Amino acid sequence: MSKNALQPPRGTRDFYPEDFRRREWLFDHFRRIAHRFAFEEVDAPMVEHAELFTRKAGEEIVDQLYHFEIHDRHLALRPEMTPSVARMVIARAGSLRMPARWFTISQNWRYERMTRGRKREHFQWNMDIWGEPEVTAEAELVGSIFALLDALGLARGDVKVRVNSRALLEESLRQGVLADRPEIFEPLCIVIDKIAKVGPDTVIGQLVDPAGGVGLDEASAREVVGMLSARSLDEAAGYVSPDSPALADLRRFFDLLDAYGVRDQVVFDASVVRGLAYYTGIVFEAFDSGATLRSICGGGRYDGLSEKLGGKPLPAVGFGFGDVVIAEFLADKELWPELPRPLDDMVFALGEAERPAAVAIASRLRSQDRRVELVLGSPKLKRAMTDANRAGAARIWLVGPDEVQRGVAKVRDLASGEEHEEPLDA
Ligand code: HAM
């Protein structure tokens, strides 16, 4: 076998016990916050029909698809959860209680160029609300993001959420570049999403490139890019009519954030459009305020997806929160807690003759739901003590010939060092 085959494929991870403990700690927080907001967990297969993901707006995510043919079927590992959730909602749209609040914790696959915080598989916590057209849903979601960040121990001010509205952008372009060609809006969003990474000149070049799917003239491309520099709602308001519905939505959204106590952590930024084609309304991304990492999470409203996938029109809004970026950020902030091996009791038989008594004690403790290691083999007691201490166990049970004869076990409290005896048949 080649050396290569003994490594996980580049960009993927093995989870050793200590890694898995961290992963579970984070996922527990995801679940806890989702439950606090009355979201229900759902799941779907990691492999879907490739067609579910192959949209044609020029999104990176489509080129990054892990896909394969098997028995004449074209399948793909999911690069994101949203199309699968949409598929599930569509199948039951007639009977679901709306708004449906669903969350998932899923592993996603994208053949990415790797940088810090970007891998070829990652887990995402998704929170989506289906069937609610008003921005009360967006506000609830942003509220849940900050509830999570608080629970992880991050300080207010560590993370900023940047918000824009595709509906606002669409309104401001409707009389102009979109007047005769509304279909270029999606590819246009995909191109301008890259502005922070590639700069305005490259974006203008791509917007005017006739092969690029947008094909603006240079003056229009410059105008579009100019709009992206707005950093306040009042500035952005200049591009739309005073009675713009998108503007009213944004204002209401910001007012609601006040009630959630997170208004100061959220800023308007016209350059945020997101790199996925299906968004139609408010979009948002969270970043560490030092801006050293890629986005911690991102989402928005995607009212058109249900119809695009063949369902009935259904409003939807949600976000995806990755495990990789937040892990880096928690490490930078030294916020990962000590997560020792889960152990409450260790049971140690001094010799093989005492093993049956030790097994009986371990069984009794396990039936009380305690986490018990019955020491196997015949290591030195000192080594067992060190192991138990390292794991933060509460007690070690010692069963020697003398104890068995007297019908007891010796119990040492590892924190205090105190010992007492417990009857074997208790
Ligand atoms: P996304 O922006 O592609 O959105 O991903 C959401 C989050 O997943 C990112 O902010 C990042 O934390 C994490 N992420 C994405 N790609 C990678 C990667 N290659 N390596 C590590 N982490 C990554 C979506 O996927 C949408 N489906 C979210 C959504 C749900 N919108 C509505 N509902």
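Since the structure is predicted, the reported quantities are computational estimates derived from the model, not experimental observations. Whatever order the structure lists ligands and atoms in, that order sets their numbers, starting from 1.
Ligand 1 lies out of reach of M114, whose nearest heavy atom is not under 4.0 Å from it. Not close to ligand 1: M81, with no non-hydrogen atom less than 4.0 angstrom away. Not a single heavy atom of W125 sits under 4.0 Å from any atom of ligand 1. Residue contacts with ligand 1 include G117, since one or more of its heavy atoms lies under 4.0 Å from the ligand.
By the 3.5 Å distance cut-off applied to N or O atoms, Y278 is counted among the residues near ligand 1. For ligand 1, the polar-atom distance check against G320 finds no nitrogen or oxygen pair separated by under 3.5 Å. Considering backbone and side-chain N/O of R118, none are found under 3.5 Å from N/O of ligand 1. The shortest N/O to N/O separation between G322 and ligand 1 falls below 3.5 Å.
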Go through the steps to decide whether E285 and S295 satisfy the test side-chain hydrogen bond (donor to acceptor under 3.5 Å, both in side chains), and finish with yes or no.
CA-CA 6 Å; E285 285 181 344; S295 68; 4.9 Å; no
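Counting non-hydrogen atoms of neighbouring residues, nucleotides and ligands closer than 6.0 angstrom, the NE2 atom of H49 reaches no more than 12 such neighbours. Enclosure of atom CZ in R251 by more than 12 non-hydrogen atoms of other residues, nucleotides or ligands within 6.0 angstrom is indicated.
Which parts of ligand 1 touch E112 is read off a 4.0 Å heavy-atom cut-off, strictly below it: atoms 16 (N), 18 (C), 19 (N). Under a 4.0 Å criterion applied to the non-hydrogen atoms of S295, ligand 1 contributes the atoms 9 (C), 10 (O), 11 (C), 12 (O).
A donor-acceptor pair under 3.5 Å is absent between the side-chain atoms of S229 and the main chain of V225, judged by distance alone. Using a distance-only test at 3.5 Å, with no hydrogens or angles considered, no donor-acceptor pair links the side chain of N164 to the main chain of V283.
Relative to the six-membered ring of Y279, R166 misses at least one condition, a distance below 6.0 Å or an angle of at most 45° to the axis.
Contact annotation: for R120 versus ligand 1, there are no heavy atoms closer than 4.0 Å. Only the backbone of F319 comes within 4.0 Å of ligand 1, judged by heavy-atom distances.
When only non-hydrogen protein atoms are considered, atom 14 (N) of ligand 1 lies nearest to H122 NE2, 3.4 Å. Of all protein heavy atoms, the one lying nearest to atom 33 (N) of ligand 1 is D128 OD1, 2.7 Å. Looking only at heavy atoms of the protein, atom 27 (N) of ligand 1 is closest to E80 OE1, 2.6 Å. Closest to atom 24 (C) of ligand 1, if we only count protein heavy atoms, is L276 CD1, 3.5 Å.
Between F321 and F30, the ring-plane angle classifies as perpendicular under the 30° and 60° cut-offs.
With 3.5 Å as the limit, one finds a donor-acceptor pair spanning the side chains of E140 and Y260.
For an aromatic pair to be called close, the ring centres must be under 6.0 Å apart, and F27 with W125 fails this.
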